[in-house]
2 protein chains.
Amino acid sequence: MTTPMRPADAYPGSYGTSEGGAVGRVTLQTIADRVGVSRMTVSNAFSRPDQLSAELRATILAAADELGYVGPDPAARSLARGTTGAVGVLLTESVGSAFQDPIAAAFFGSVAQELAPTGLALALLPSVESPDRIPARDIPMDGALVYSCAGDMAPVNWLIKRKLPLVFVDQAPIAGASSVLLDDRVGARAAAQHLLDLGHRRIGILTTASDRSVGIAPDPATAGVGYVSRERVEGWMSALGPAGADVTVVHLPDNTEVHAEQGARTLLALDDRPTAVLCFSDLIAWTFERVARSQGVRVPDDLSVVGYDDSPIARRAQPALTTVRQDLDAKGRAAATALTRAIARSRGDATVGDGPDAVLVPTELVVRESTAPVPAER
Amino acid sequence: MTTPMRPADAYPGSYGTSEGGAVGRVTLQTIADRVGVSRMTVSNAFSRPDQLSAELRATILAAADELGYVGPDPAARSLARGTTGAVGVLLTESVGSAFQDPIAAAFFGSVAQELAPTGLALALLPSVESPDRIPARDIPMDGALVYSCAGDMAPVNWLIKRKLPLVFVDQAPIAGASSVLLDDRVGARAAAQHLLDLGHRRIGILTTASDRSVGIAPDPATAGVGYVSRERVEGWMSALGPAGADVTVVHLPDNTEVHAEQGARTLLALDDRPTAVLCFSDLIAWTFERVARSQGVRVPDDLSVVGYDDSPIARRAQPALTTVRQDLDAKGRAAATALTRAIARSRGDATVGDGPDAVLVPTELVVRESTAPVPAER
DNA sequence: ACCCACCTCTTGACCGGTACAGACCGCAGG
DNA sequence: CCTGCGGTCTGTACCGGTCAAGAGGTGGGT
């Protein structure tokens with residue numbers, strides 16, 4: 001086989017071939033012509049090393065290197081192969097929240113860690129909706145993670161319509177899709193039971209809901225729209241209800257410090273102030289502690305507080321928060337696995353079973369210093 | 001005019017057309033046949049609304065909806081158009097570190113925020129290197145952010161070879177690429193000057209380097225391989241050198257608590273213990289404080305400590321750390337802007353100037369409680 | 001000597017779009 | 001009546017690969 005190969009000299013923008021005219025771009029064909037083989041063989045040299053002799057492959061790779069050819073064009077390969085090597089991540093809020101919210105960050109860190117060996121990239125999808133650019137619809141991906149999104153979000157629908165393999169996290173899944181959910185019912189129930197065991201019967205709840213403003217919910221059973229919020233409320237109530245506790249639920253529009261503070265004031269201002277408070281998150285619990293302290297209410301002597309998530313601030317809080325821990329690492333691993341399995345399944349891989357996965361991540365009550373027996377009646 | 005979006009009521013696997021036989025997949029052609037127009041017109045209905053009458057467009061969109069067609073296949077579109085709508089992010093460590101390291105997380109949060117309006121997705125590239133799957137080489141993207149990577153990392157080279165528009169962050173850029181750098185020289189110098197102003201002359205430095213183990217550097221000028229590390233050392237020395245300070249540099253293999261602790265012990269065990277210490281990061285400074293305290297050395301009374309970054313722990317530390325703040329939000333915005341500009345430039349957009357951008361993000365000394373005047377000689 | 005399996009490489013079709021240059025048409029202006 | 005023109009739609013040629021089937025040559029088994 002004759003392979004005339006002259007040393008290629010620099011490619012400062014201007015391409016050219018020894019024979020023929022100027023060429024716009026180096027492709028498989030360019031190299032094939034250079035070496036004198038078919039395009040397919042060059043393709044194999046890169047993608048299927050076992051399909052040609054090591055010798056020829058070396059020649060081809062050398063020629064490619066010389067011509068400044070990196071490897072098969074990813075976009076073209078995606079089209080031909082039907083896979084892209086990236087999975088999407090859809091979030092409720094801005095993508096920034098994935099990094100700012102410590103719970104989300106820990107979760108995605110774990111997902112990334114678990115996904116790394118597969119070589120899949122994590123594509124964070126902005127949820128903007130300009131009529132022409134809709135990431136959830138237009139970005140190439142092999143599957144996606146839907147993280148705690150409002151179920152009716154338009155981007156979710158795009159993903160569904162694309163029939164992409166999906167995994168719903170902290171959110172009710174659609175039929176046929178896999179899910180990774182926290183065992184919130186059990187966790188919340190344990191937290192409530194803990195308070196009951198300490199003798200508390202007048203209990204406040206601070207949780208997020210669909211309401212626009214902070215306020216006392218008419219009926220404790222009325223949980224917010226959010227899936228997670230609903231689960232936690234039901235968990236708490238499943239212990240408090242039967243015990244005949246006197247429950248006051250305060251709804252917050254979201255999980256922010258500002259609203260948590262308003263909610264805290266609302267509860268503390270009640271005539272019959274609760275002796276214990278269950279919070280939707282550690283952030284809210286932490287804020288509650290702060291507001292209580294500023295009003296001269298001692299935690300846990302006068303009032304017990306329970307958080308949720310066991311985020312870093314739980315340990316940092318003064319006093320350290322009793323809370324419900326979720327194993328974020330396990331959750332991340334489960335989500336990554338469920339996603340790769342869903343993708344494999346969509347490709348007809350029979351080794352992964354056929355039903356969608358439904359993982360329930362266990363929760364655990366962590367008792368610290370923010371809870372104590374109910375104080376003697378004043 | 002937008003497509004009406006109903007909550008997609010299941011297309012359970014089985015496809016079929018009203019006319020003709022079973023069809024493998026719905027494409028532009030399927031719809032074109034259904035409506036009786038050319039494929040191109042259907043394409044325009046989705047991608048170039050102004051190229052056909054509103055009437056026909058509506059008909060086409062309706063037919064598409066009916067057939068369960070979501071929109072042009074992203075992979076195919078990428079190939080034809082030459083853009084993907086995603087930008088890559090390359091990190092030194094595992095992708096998880098983007099979420100775990102608070103500095104990186106804040107930075108990427110800001111990048112994402114700034115990138116959102118453009119509709120570009122952020123694809124986090126795992127740096128695994130199995131011979132067949134190399135994300136940096138194989139994943140379709142329009143450009144990439146290279147974040148504080150060792151310059152000789154293989155993935156960086158793949159990106160370069162692909163001739164992608166790149167932005168180097170916290171890292172020396174290659175020729176022709178844009179960069180976003182912290183003004184570390186100035187920040188470090190200010191920190192050192194602050195100590196000099198307080199009267200300190202015997203000063204320790206704890207910084208990361210290429211060394212395998214913790215140890216005293218023979219020559220203060222020998223900075224580590226890391227770009228950032230080098231910059232900071234030079235900044236510190238630019239003040240300390242001329243002042244004739246007695247400087248001891250301890251090299252750490254990385255920015256971890258374990259090694260920081262070893263480094264701290266090394267400095268504290270010196271016969272002529274420094275009266276002040278400059279640290280590469282807040283984490284190291286925070287660890288130093290802890291070790292010092294455990295040895296009965298009081299900060300700042302006996303010894304002053306300066307951190308770097310003004311990360312959350314700087315404020316949390318006991319005593320709160322004097323440190324050098326970097327505006328992570330500004331850094332993120334600058335990086336996002338530089339990247340979109342680089343992409344625009346690569347497409348021949350003349351409105352963005354032709355040279356690569358080189359942004360220098362300002363730093364600022366924040367004096368808290370961990371620094372004090374040099375103590376009287378024992 | 002013969003047949004077949006095996007290793008290599010080639011051929012032709014296809015992945016699902018988009019760009020660009022017309023073709024066709026009704027209408028206002030000279 | 002012919003011309004020029006803008007608005008619509010069509011035809012053709014890509015974009016740069018991969019897949020599946022087949023064509024030669026080689027060597028081993030019998």
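Any value given below was found using the heavy atoms of this structure, including those in side chains, with hydrogens, waters and symmetry copies removed. Chain letters run A, B, ... following the sequence lines, proteins first and then strands; every chain starts at 1.
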Could you tell me the separation between the [atom1] atom of [X] and the [atom2] atom of [N], rounded to a whole number of Å?
| X | N | atom1 | atom2 | answer |
| --- | --- | --- | --- | --- |
| A:N44 | C:dT8 | CG | P | 11 Å |
| B:R48 | C:dC20 | CZ | C1' | 10 Å |
| B:L79 | C:dT18 | CG | C1' | 9 Å |
| A:R162 | C:dG16 | CZ | P | 14 Å |
| B:Q29 | C:dC15 | CD | C1' | 14 Å |
| A:I60 | C:dT8 | CD1 | C1' | 11 Å |
| B:F46 | C:dG17 | CZ | P | 9 Å |
| B:I31 | D:dC9 | CD1 | C1' | 17 Å |

With respect to the side chain of [X], which nucleotide from [options] is positioned closest?
| X | options | value |
| --- | --- | --- |
| A:L28 | C:dG16, D:dT18, C:dT18 | D:dT18 |
| A:R77 | C:dG17, C:dT18, D:dG17 | D:dG17 |
| B:M40 | C:dC20, C:dC9, D:dA20 | C:dC20 |
| B:A80 | D:dA20, D:dC15, C:dA19 | D:dC15 |
| B:L52 | C:dT18, D:dC19, D:dC9 | D:dC9 |

Mind checking if [X] touches a base, just sugar-phosphate, or nothing, with heavy atoms under 4.0 Å?
| X | answer |
| --- | --- |
| A:Y69 | sugar-phosphate |
| A:R39 | base |
| A:S47 | sugar-phosphate |

Checklist line | B:R333 vs B:V359 side-chain heavy atoms within contact, under 4.5 Å | finding: no

Margin query: Let me spell it out: for each of A:S53 and B:G71, pick the nucleotide of DNA chain C with the closest heavy atom. Which residue's pick is nearer the 5' end?
Written below: A:S53

Notebook entry, point to check: With distance as the sole criterion, is a donor-acceptor pair present between the side chains of A:T83 and A:R347 under 3.5 Å?
Noted result: no

Side-chain N or O of [X] versus OP1/OP2 of [N]: is the shortest distance under 4.0 Å?
| X | N | answer |
| --- | --- | --- |
| B:T27 | C:dG16 | no |
| B:R25 | C:dG16 | yes |
| B:T41 | D:dT10 | yes |

Note to self: On a heavy-atom basis, which atom in B:P72 and which in B:S47 lie closest, and how many Å separate them?
What the structure shows: CG-OG, 4.1 Å

Next item on the list: Search all heavy atoms of A:G85 against all heavy atoms of B:R133 and return the closest pair with its distance.
Entry: CA-NH2, 4.2 Å

Next item on the list: Could you tell me how the ring of A:Y69 sits relative to the ring of A:F46: parallel (under 30°), tilted (30 to 60°) or perpendicular (over 60°)?
Entry: perpendicular

